[in-house]
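All values derive from a computational prediction rather than experimental measurement. Just so we're on the same page: letters track the sequence lines, and every chain starts at 1.
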Protein chains: 2
Amino acid sequence: MVEQDDRLSRIFGALADPLRRDMVARLAAGDATVGELAAPYDVSLQAVSKHLKVLEEAGLVRRSRDAQRRPVHLEAEVFDLMTKWIQRYQQQAEERYQRLDALLDRMQGRDDTHGTTDDTTGQTADRQRGAAG
Amino acid sequence: MVEQDDRLSRIFGALADPLRRDMVARLAAGDATVGELAAPYDVSLQAVSKHLKVLEEAGLVRRSRDAQRRPVHLEAEVFDLMTKWIQRYQQQAEERYQRLDALLDRMQGRDDTHGTTDDTTGQTADRQRGAAG
DNA sequence: GTCTTGCTCAACCACACGGTTGAGTAAACG
DNA sequence: CGTTTACTCAACCGTGTGGTTGAGCAAGAC
């Protein structure tokens with residue numbers, strides 16, 4: 001679990017950089033060499049190589065060997081890991097809204113104690129600490 | 001475009017930290033105050049406050065006011081932005097695989113010279129497709 | 001062999017990040 | 001009023017990140 005936690009951190013961290021995100025976008029269209037990836041940008045080849053290392057350590061990319069070239073390949077499966085994480089909490093939040101709406105409806109229909117809308121979730125407490133991912 | 005680029009960087013950057021990801025997970029279950037969020041962790045309240053600022057600037061979270069308390073609320077819509085970004089390139093990569101597969105099938109049916117099979121994308125290609133296939 | 005190409009590794013530098021402590025602020029409580 | 005609660009802001013500090021240049025290495029070209 002902690003292992004995947006670290007993996008997610010690497011993945012999100014890797015995609016936090018616009019240049020790296022750009023590279024991922026480019027690689028989605030097809031494999032490319034380091035030089036080709038570096039070409040559109042105003043940075044050194046070494047910098048691009050570093051970025052690729054970050055992407056590789058995050059498991060987003062794989063580097064192979066072809067003579068003196070280093071073709072880079074996008075590892076698309078990693079996206080699933082992110083999507084799963086996101087959807088989990090997105091769904092949880094949505095369900096909470098639905099419960100909140102239902103509660104508000106019921107209160108309006110029956111009683112009208114007072115208008116403080118917050119605190120309706122059983123107050124801010126940690127009734128449900130299902131954290132960790 | 002650039003504006004959203006920056007936004008995505010902030011979002012991914014915010015989620016690159018396991019503690020912040022944990023907070024998001026907690027907030028998906030319901031709003032909480034800073035103190036409540038800080039409680040489970042072994043860091044100072046100031047550190048947690050800083051983390052919340054990062055999440056806020058990424059648009060993942062909103063802080064309001066309730067007396068001296070600062071209830072934190074998860075802004076779930078942001079997930080859509082991420083999901084869109086991910087799915088876009090995920091889909092693009094998958095389509096590429098399908099095209100590649102189709103090409104390889106056609107070649108096996110006709111000829112078997114595995115010379116320059118690649119280049120279906122116009123980029124430098126190497127025809128190794130190991131993982132997600 | 002030597003040269004060139006395509007890349008990585010190493011060292012360095014400025015700056016951002018995550019943590020700390022200490023001080024300050026806003027609202028409730030006595 | 002002063003105290004307590006709940007927090008933010010400011011300053012500092014070690015470490016990580018993104019950039020640079022310079023050196024080195026593997027493989028094809030000559």
Side-chain angles (χ1 to χ4, degrees), chain A residues 5-24 26-27 31-58 60-73 116 118-119 123-126, chain B residues 5-24 26-27 31-58 60-73 116 123-126:
Chain A
D5 211 57
D6 189 53
R7 192 146 148 71
L8 268 175
S9 294
R10 284 174 199 271
I11 292 169
F12 280 123
L15 294 176
D17 188 283
L19 206 143
R20 283 194 295 255
R21 233 164 34 241
D22 223 58
M23 288 178 178
V24 168
R26 182 128 191 259
L27 288 168
D31 297 3
T33 67
V34 181
E36 284 166 349
L37 284 168
Y41 309 108
D42 199 23
V43 295
S44 65
L45 201 74
Q46 290 94 323
V48 172
S49 187
K50 269 198 196 176
H51 281 300
L52 284 170
K53 199 175 182 183
V54 173
L55 288 169
E56 190 177 33
E57 279 167 359
L60 274 157
V61 131
R62 205 183 37 200
R63 283 189 282 187
S64 48
R65 223 171 166 158
D66 173 26
Q68 68 266 62
R69 254 155 261 114
R70 290 280 154 87
V72 183
H73 175 80
T116 40
D118 59 334
D119 214 37
Q123 95 280 131
T124 42
D126 35 355
Chain B
D5 211 57
D6 190 53
R7 193 146 149 70
L8 268 175
S9 293
R10 283 173 199 272
I11 294 169
F12 280 123
L15 294 176
D17 188 285
L19 206 142
R20 284 194 294 256
R21 233 163 34 241
D22 222 59
M23 287 177 179
V24 168
R26 185 127 188 258
L27 288 167
D31 297 4
T33 67
V34 182
E36 284 166 350
L37 283 168
Y41 308 109
D42 198 22
V43 295
S44 65
L45 201 73
Q46 290 94 320
V48 171
S49 187
K50 269 198 196 176
H51 281 300
L52 284 170
K53 199 174 183 184
V54 174
L55 287 170
E56 190 177 31
E57 279 167 359
L60 273 157
V61 131
R62 204 182 38 200
R63 283 189 282 186
S64 48
R65 218 165 173 158
D66 172 27
Q68 68 267 59
R69 252 154 261 116
R70 294 276 153 88
V72 183
H73 175 80
T116 49
Q123 310 250 1
T124 311
D126 58 329

Hey, does [Y] have a side-chain heavy atom less than 4.5 Å from the side chain of [X]?
| X | Y | answer |
| --- | --- | --- |
| B:Pro40 | B:Arg26 | yes |
| A:Val48 | A:Met23 | yes |
| B:Val72 | B:Leu55 | no |

Kindly compute the distance separating CG (A:Asp22) from NE2 (A:His51), expressed to the nearest 0.5 Å.
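Reported value, rounded in 0.5 Å steps: 11.0 Å.
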
Gap between atoms [atom1] and [atom2], on [X] and [N] respectively (whole Å):
| X | N | atom1 | atom2 | result |
| --- | --- | --- | --- | --- |
| A:Leu19 | D:dT17 | CG | P | 16 Å |
| A:Tyr41 | D:dG18 | OH | P | 15 Å |
| A:Leu45 | D:dG22 | CG | P | 16 Å |
| A:Asp42 | D:dG18 | CG | P | 17 Å |
| B:Asp66 | D:dT8 | CG | C1' | 17 Å |

Return whichever of A:Ala67 or A:Ser44 has its heavy-atom-nearest nucleotide of DNA chain D closer to the 5' end.
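So the residue in question is A:Ser44.
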
In terms of the nearest nucleotide of DNA chain D, which residue is placed more toward the 5' end: B:Arg63 or A:Arg70?
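In this pair, the answer is B:Arg63.
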
Contacts to DNA chain C from residues 46-56 of chain A, heavy-atom cutoff under 4.0 Å, which residues?
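Heavy-atom contacts with DNA chain C come from A:Gln46, A:Ser49, A:Lys50.
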
For B:Glu56, the option from B:Arg20, B:Arg63, B:Lys50 that meets salt bridge (charged side-chain N to carboxylate O under 4.0 Å, His left out)
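Testing each of B:Arg20, B:Arg63, B:Lys50 against B:Glu56, the sole residue satisfying salt bridge (charged side-chain N to carboxylate O under 4.0 Å, His left out) is B:Arg63.
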
Residues B:Asp6, B:Arg10: salt bridge by 4.0 Å N-O rule
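Looking at B:Arg10 together with B:Asp6, the answer is yes, because their closest N to O distance falls below 4.0 Å.
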
A:Ala16: which residues meet the side-chain contact (heavy atoms from CB on, under 4.5 Å) condition with it, sequence neighbours left out?
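B:Phe12.
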
Do you know which two heavy atoms are closest between B:Gly35 and B:Leu45, and how far apart they sit?
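Reported closest heavy-atom pair: CA-CD1, 3.9 Å.
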
Contact interval (first through last nucleotide) of DNA chain C with protein chain B, 4.0 Å heavy-atom
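Nucleotide range with atoms under 4.0 Å of chain B: C:dG18 to C:dA28.
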
